[in-house]
2 protein chains.
Amino acid sequence: MTGGLAGQPTAEQPTTAASKSERAYAWLVERIARREYAPGYRLVLATIAAELDMSVVPVREAIRRLEAEGLVTFERNVGAHVAMIDDSQYRQSMETLAVLEGAATALAARRLTPADLRRAREVNRRLVESLDDFDPHTFTALNQEFHAVLFAPCPNPRLLELVSAEWARLGRLRDSTFAFVPGRAQESVREHEGIVGLIEAGAPLADIEEAAREHRSATLTAYLHHEHPGEQR
Amino acid sequence: MTGGLAGQPTAEQPTTAASKSERAYAWLVERIARREYAPGYRLVLATIAAELDMSVVPVREAIRRLEAEGLVTFERNVGAHVAMIDDSQYRQSMETLAVLEGAATALAARRLTPADLRRAREVNRRLVESLDDFDPHTFTALNQEFHAVLFAPCPNPRLLELVSAEWARLGRLRDSTFAFVPGRAQESVREHEGIVGLIEAGAPLADIEEAAREHRSATLTAYLHHEHPGEQR
DNA sequence: GACCGACCATTCGTATACGATCCGAGAGAT
DNA sequence: ATCTCTCGGATCGTATACGAATGGTCGGTC
C-alpha cells in the first residue's frame, strides 16, 4: 500500500486527512449530485473500489451511509442502486419539508437582521431576472439559496439538519419541480416577496410559518395538478 | 464461520435470514435501549464481535448505521461511544418533535375513527391511573402510545419516520422528562383529553396542530424551568 | 520531586481471501 | 419450438491479517 516508496518523509501532507471511506462517500455524493450516476444506476462495489484505487471495504461503508441517508437503496446479496423517488415519496417529502421549513422560518424570523432581509430580496431579484430565460436548475439553486437565507439564523440546528437532509434526498434525486411546471416559478417569486414582507413587518410567527409552509405546499400542489390533473387530494 | 459442524443439513432454518450486520445492529439497539450500554459507554468493535461470535466487519457496519441515526458518536481512529445528549440538543430535539408531531397529528386527525379515539381515551385513562404510584418509565411508555395512536393514520409515512427516528434518539438516550418534573404529568394527561376533544369535534386542523405542538413544547418548558429556573430563553 | 519524552498495548482502518448467493445462458427434454 | 433444469460468472457477505494511529505508562532528566 503506497509501497514504501521514498516520498518526502518530512512533508506532513494532510492529504490523507480524510479516511478512504469518507473520500468514497464524498465521491459518490458528487457523482449522484451531478447525475453521472442517475437514479436507478447500479452501484457495483468492486468497480467503484477499483476506480477509487481502494478496496471494497471503505466503499461498502460509504454506500451503507448513503443508504441510511436515503440516497441509495440496498438489497441484500444483490447490491445498491441510486434511489429512485416515485411520486408518492416525492409528495411526502415535500409535505414534510413544508412543515420543517415553515417552522424553521418562523423560528428564525425574529433574528433576521435588516441586512439579511436585504440579502433575501437581492436573491429574489435575481430569481425574477432568471425568469427571462428560464432554466430550472439555476432557478432551483437560487430558490434554495433564498430560503436558506431566511432560515439560516434559526436557533434550532437540529431542525436545519433535517431540512438539509431532506433536500439532499430530493434535490439530488429528482429534477426540480420547476422543470415540470415552469408556470409555478412566477407565483413563487411573488410569494417570496410576501414572506419577506411579513417578516419585516413583524407579523405573528404563526402567520409567517403558515406563509412559508403554504409557499412550499403550493409548489407541490402545482406539480401534482400538472402530472395528475384528475386527482383531487 | 460456524465451523463446519454438521447441522441439520436439510432443515432450511430461515434463522440466517438476517445478515450478521443486521443482527449486530438489532443487538446493539437492544442494549442501548435497555441502558445496558449507557450514554457515554465505549463501544469496542472486537469485544462486541467476540460476544456476538462474528468478525468485526459486520459490527463495524452496524455501528456506522447507528452513527447515522444519531445513537452513537464515532471518532476517527478512536472509536464509538453511545451518544450523550446534552441539554441543548435535548431542547432542540424536543422542539423539532413538537413541530413534527403536531403536523402528524393534524394530518391524521380527519382519518381517526371513533374506535381510534376510544382507544386513545383508554390509553389516557391508564395514564391517569398510573399517576397514583408514579413511575416515569411506565408513564413515558404509555404517553408515547397515546400519541402514536393519534398520529398513526397520518397519510405521510415520511413524517412518521422522522418522528420515530427522533424519538429513538431521545427516548433511548435520556430518561423521560417526567422523571425530572413529575408535576408535569398531571397537566399532560389533561391536555391529552383536550386534544382528543378537538379532534372529535372536528376542530380546524390548525387548532389541532397547535394544541399538539404546544402540548409537547409545554413538557419541554417545564423541564427547562425546573432545571434552569433562572433562564429566560 | 515534577516534568518531558519514548515505548508499548490497545484498537481502529483497510487489504485480501474465500464461501455464499443470485442471475442469466445454454443444454436437454417434451 | 418452447420450456425447464443445471451450470457458471458476477457480486455480495464475512473472516482473517496487518499496518497505522492513539493513549497511557515507565523511565530519564532538570
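First the proteins, then the strands, lettered A, B, ... as listed; each starts at 1.
Counting to the nearest Å, the P atom of D/dT11 and the CD atom of A/Glu75 are 15 Å from each other. What separates CZ of A/Arg23 from C1' of C/dA15 is a distance of 14 Å, to the nearest Å. Following rounding to the nearest Å, B/Arg76 (CZ) and D/dA20 (P) show an atom-to-atom distance of 13 Å. B/Arg42 has its CZ atom 9 Å from the P atom of D/dG23, to the nearest Å. Rounded to whole Å, the distance from NZ on B/Lys20 to C1' on D/dT14 is 7 Å. When rounded to the nearest whole Å, the span between CD1 of B/Ile48 and P of D/dA15 equals 14 Å. Rounded to whole Å, the distance from CG on B/Leu45 to C1' on C/dG13 is 10 Å. Summarising the geometry, the separation between CD on B/Glu22 and P on D/dC12 is reported as 16 Å, rounded to the nearest angstrom.
When only modelled atom types and interatomic distance are considered, A/Thr140 and A/Asn143 share no side-chain donor-acceptor pair under 3.5 Å.
Closest to the A/Arg60 side chain, of the nucleotides C/dG13, D/dC12, C/dC23, is D/dC12. Taking every side-chain heavy atom of A/Ser21 into account, C/dT14 is the closest of C/dT14, D/dT11, D/dA21. If you check C/dT14, D/dT14, D/dG13 against the side chain of A/Ser19, the one that comes closest is C/dT14.
Both A/Asn77 and A/Glu61 lie close to DNA chain C; mapped to their nearest nucleotides by heavy-atom distance, the more 5′-ward contact belongs to A/Glu61.
Within residues 51-58 of chain A, the residues approached by DNA chain C to less than 4.0 Å at the level of any non-hydrogen atom are A/Met54, A/Ser55, A/Val57, A/Pro58, in residue-number order.
Within the cation-pi definition used here (under 6.0 Å to the ring centroid, within 45° of the axis), B/Arg64 qualifies as a partner of B/Phe74.
Among the candidates B/Glu69, B/Glu61, B/Glu30, the single residue satisfying the side-chain contact (heavy atoms from CB on, under 4.5 Å) test with B/Tyr25 is B/Glu69.
The pair B/Arg65-A/Glu67 fails the salt-bridge criterion, with no side-chain N (NZ, NE, NH1 or NH2) lying under 4.0 Å from an Asp/Glu carboxylate O. Between B/Arg213 and A/Glu209, at least one side-chain N (NZ, or NE/NH1/NH2) sits under 4.0 Å from a carboxylate O, which counts as a salt bridge.
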Margin query: Please evaluate residues A/Glu75 and A/His81 with respect to the criterion side chain to side chain contact (heavy atoms under 4.5 Å, CB included), reporting the C-alpha separation (whole Å), side-chain torsions for both, the decisive distance (0.1 Å), and the verdict.
Written below: CA-CA 9 Å; A/Glu75 204 178 345; A/His81 294 255; 5.8 Å; no
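Note on B/Ile63: nothing from the nucleic acid sits closer than 4.0 angstrom, heavy atoms only.
In this view, B/Asn156 and A/Gln92, A/Glu95, A/Thr96, B/Leu107, B/Cys154, B/Arg158, B/Leu159 satisfy the side chain to side chain contact (heavy atoms under 4.5 Å, CB included) rule, not counting sequence neighbours.
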